[in-house]
Amino acid sequence: MKNILIAVASILAVAASPAFAQWQPTAPIKMMIGFTPGGSADTQARLMAEELEARNGWKVIPESVLGKGGAVLAAKLKNEPADGTTIGMIVSETVDYSMIADRNPGYTQHDFTYLVSTAGTQLGVVSTRAKGWNSMPDVVAAARQGETLRFGVMTPKLADGAYLLGKSQGVDFNIVSFKGGKGVLDAIVAGDIDLGWVAGPQVRGVTAGDLVNLASGEAERLDMSPSVPTIRELGFEQSLGMVFVFVAPKDLPADAKAALTAAMAEILNDPASKTNAYITKLFGKPRVISGEALDTYLADSLDSARRLLAEADSQ
């Protein structure tokens, strides 16, 4: 909460600055999007592009840049001109766990200017209500009775997280990888897997009673399931939540950074905007972090990723 308050204060400050009022892009803004077209992250980015155009008169051109969990986008973006005409949307994992696990990703966390986060992932361990489970202890009991449980994941970080979560509970999961969270959710609903990580889109099924959040993968309990414990409360000393974040190449001029950050924060914080409504529907509410608070968040997430990777390597 403290970080969010700091971020809001900084956004108000830049919104009132002359730089925000004066800066204009010298060409159409290319918005790279590192997520599967049609998915929740891709949709929020494209809504942002649409509203940036409508409110500021800027031409914004979305472009899908896919591969390696955002690493392809990051490696490409760092070499783009740092003038505000190229930005990208990634998930924080791209500049923490994925970056250090790759060992030679072609970029570092210091290669970018971080603008603003849009939403937290609301990451949960999800199953169908039809499985008959109401909690992680129910899952553990099934595994100890001999069931082979297939656990869906969409990133290497979450694969390690599922593996170590199982170890912390004294069971082994059969880890199954998918491209994107939609793939995991579809497989759960279809009965192709037993449970898996889902980051936000489970809210409709949970509300309808068809899906169950068995645990929160975030540092805090999920907005949609406040009675469900976190994995840390269950004894796994990690949190795996992430944020979606807009970035630009490093050394972006201060006036461009202030203008882009303030324009996007204004949209995210406006309940009347399409972007705000979409994020609120899927992720509970926007999570708007910028400035030093965002830099600190990402530095802390990198430290946490190093601990997770070291623990996974030690098993």
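Only this structure's heavy atoms are used, side chains among them; waters, hydrogens and symmetry mates stay out.
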For a quick test of reading the model, state the closest non-hydrogen atom pair linking [X] to [Y] and the distance between them.
X: Ile29; Y: Gly84; value: CG1-O, 3.7 Å
X: Ala265; Y: Val288; value: CB-CG1, 4.1 Å
X: Gly241; Y: Leu123; value: N-CD2, 4.4 Å
X: Gly88; Y: Leu77; value: N-CD2, 4.0 Å
X: Asp138; Y: Asn134; value: OD2-N, 2.8 Å
X: Asp192; Y: Arg150; value: O-NH1, 2.9 Å

Stepwise side chain to side chain contact (heavy atoms under 4.5 Å, CB included) test for Val139 and Leu195 | CA-CA 9 Å; Val139 174; Leu195 70 168; 4.0 Å; yes

Is it true that a side-chain atom of [X] and a backbone atom of [Y] form a donor plus acceptor pair closer than 3.5 Å?
X: Thr261; Y: Ala258; value: no
X: Thr108; Y: His110; value: yes
X: Arg221; Y: Pro226; value: yes
X: Thr86; Y: Glu80; value: no
X: Ser304; Y: Asp300; value: no
X: Glu218; Y: Leu240; value: no

I'd like to check the side-chain hydrogen bond (donor to acceptor under 3.5 Å, both in side chains) partners of [X]; sequence neighbours left out, ordered by chain and number.
X: Glu53; result: none
X: Tyr97; result: Asp160
X: Thr155; result: Glu93
X: Asp83; result: Thr85

With side chain to side chain contact (heavy atoms under 4.5 Å, CB included) as the test, would you mind laying out the steps for Asp223 and Gln122 before giving the verdict?
-> CA-CA 8 Å; Asp223 292 340; Gln122 288 291 296; 3.6 Å; yes

Are Lys274 and Glu50 close enough for a salt bridge, meaning some N to O gap below 4.0 Å?
-> yes

Going by an N to O cut-off under 4.0 Å, is there a salt bridge joining Asp251 and Lys257?
-> no

[Y] and [X], any side-chain heavy atoms less than 4.5 Å apart:
X: Ile279; Y: Leu268; value: yes
X: Leu302; Y: Met99; value: yes
X: Leu298; Y: Ser92; value: yes
X: Val95; Y: Val245; value: no
X: Ile267; Y: Leu52; value: yes
X: Lys76; Y: Met32; value: yes
X: Val212; Y: Val126; value: no
X: Met31; Y: Ile61; value: no

Quick check for you: to the nearest 0.5 Å, what is the distance between [X] atom [atom1] and [Y] atom [atom2]?
X: Phe246; Y: Tyr114; atom1: CZ; atom2: OH; answer: 15.0 Å
X: Ile33; Y: Met48; atom1: CD1; atom2: CE; answer: 11.0 Å
X: Asn269; Y: Lys285; atom1: CG; atom2: NZ; answer: 12.0 Å
X: Met136; Y: Leu165; atom1: CE; atom2: CG; answer: 4.5 Å
X: Leu158; Y: Met154; atom1: CG; atom2: CE; answer: 5.5 Å
X: Lys131; Y: Leu149; atom1: NZ; atom2: CG; answer: 7.0 Å

Regarding Ser301 and Asp96, is there a side-chain donor-to-acceptor distance under 3.5 Å anywhere?
-> yes

Return each pair, listed once, that meets ring pair (Phe, Tyr, Trp, His ring centres under 6.0 Å) where at least one residue sits in residues 211-243; pairs must be two or more places apart or across chains.
->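 Every pair satisfying ring pair (Phe, Tyr, Trp, His ring centres under 6.0 Å) with a residue in residues 211-243: there are none.
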
So the ring pair (Phe, Tyr, Trp, His ring centres under 6.0 Å) pairs with at least one residue in residues 127-147 (sequence neighbours excluded) are none

Step by step, work out the side chain to side chain contact (heavy atoms under 4.5 Å, CB included) result for Asp270 and Arg55.
-> CA-CA 12 Å; Asp270 181 359; Arg55 295 186 180 213; 2.8 Å; yes

Let me have the donor-acceptor pairs involving side chains of residues 66-75, under 3.5 Å, with sequence neighbours excluded, atom names and distances please.
| from | atom 1 | to | atom 2 | distance (Å) |
| --- | --- | --- | --- | --- |
| Lys68 | NZ | Asp102 | OD2 | 3.2 |

For the rings on Phe35 and Phe244, is their centre-to-centre separation under 6.0 Å?
->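 Under 6.0 Å, so yes.
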
Residue pairs meeting side chain to side chain donor-acceptor pair (under 3.5 Å), one or both in residues 25-43, sequence neighbours left out, come to Asp42-Arg46

Identify, with sequence neighbours excluded, every residue that meets salt bridge (charged side-chain N to carboxylate O under 4.0 Å, His left out) alongside Asp303.
->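 Listed in chain order: Arg306.
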
For Glu237, which residues count as a salt bridge (charged side-chain N to carboxylate O under 4.0 Å, His left out) partner, sequence neighbours excluded?
->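 Glu237 satisfies salt bridge (charged side-chain N to carboxylate O under 4.0 Å, His left out) with no other residue.
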
Give the cluster check for Val228 versus Leu214: same hydrophobic cluster or not, with ILVMFWY residues linked at side-chain heavy-atom distances below 4.5 Å.
->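 Shared cluster, no.
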
Would Val203 end up clustered with Leu211 when hydrophobic side chains under 4.5 Å apart are linked, directly or stepwise?
->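 Yes.
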
Residue list, side-chain contact (heavy atoms from CB on, under 4.5 Å) with Lys167, at least two apart or on another chain |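 side-chain contact (heavy atoms from CB on, under 4.5 Å) list for Lys167, sorted by chain: Tyr163, Asp172, Gln315.
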
Do Glu220 and Arg232 pass the salt bridge (charged side-chain N to carboxylate O under 4.0 Å, His left out) test, and can you show the C-alpha distance, the side-chain angles, and the key distance before you say yes or no?
-> CA-CA 9 Å; Glu220 301 173 344; Arg232 184 168 290 176; over 6 Å; no

Quick one: list whatever passes ring pair (Phe, Tyr, Trp, His ring centres under 6.0 Å) with Phe173, sequence neighbours left out.
-> Phe151

For the side-chain contact (heavy atoms from CB on, under 4.5 Å) test, which of Val125, Ile188, Val189, Leu222 pairs with Gln202?
->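 It is Leu222, the one option of Val125, Ile188, Val189, Leu222 that forms the side-chain contact (heavy atoms from CB on, under 4.5 Å) with Gln202.
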
Do Thr113 and Val247 pass the side chain to side chain contact (heavy atoms under 4.5 Å, CB included) test, and can you show the C-alpha distance, the side-chain angles, and the key distance before you say yes or no?
-> CA-CA 6 Å; Thr113 300; Val247 303; over 6 Å; no

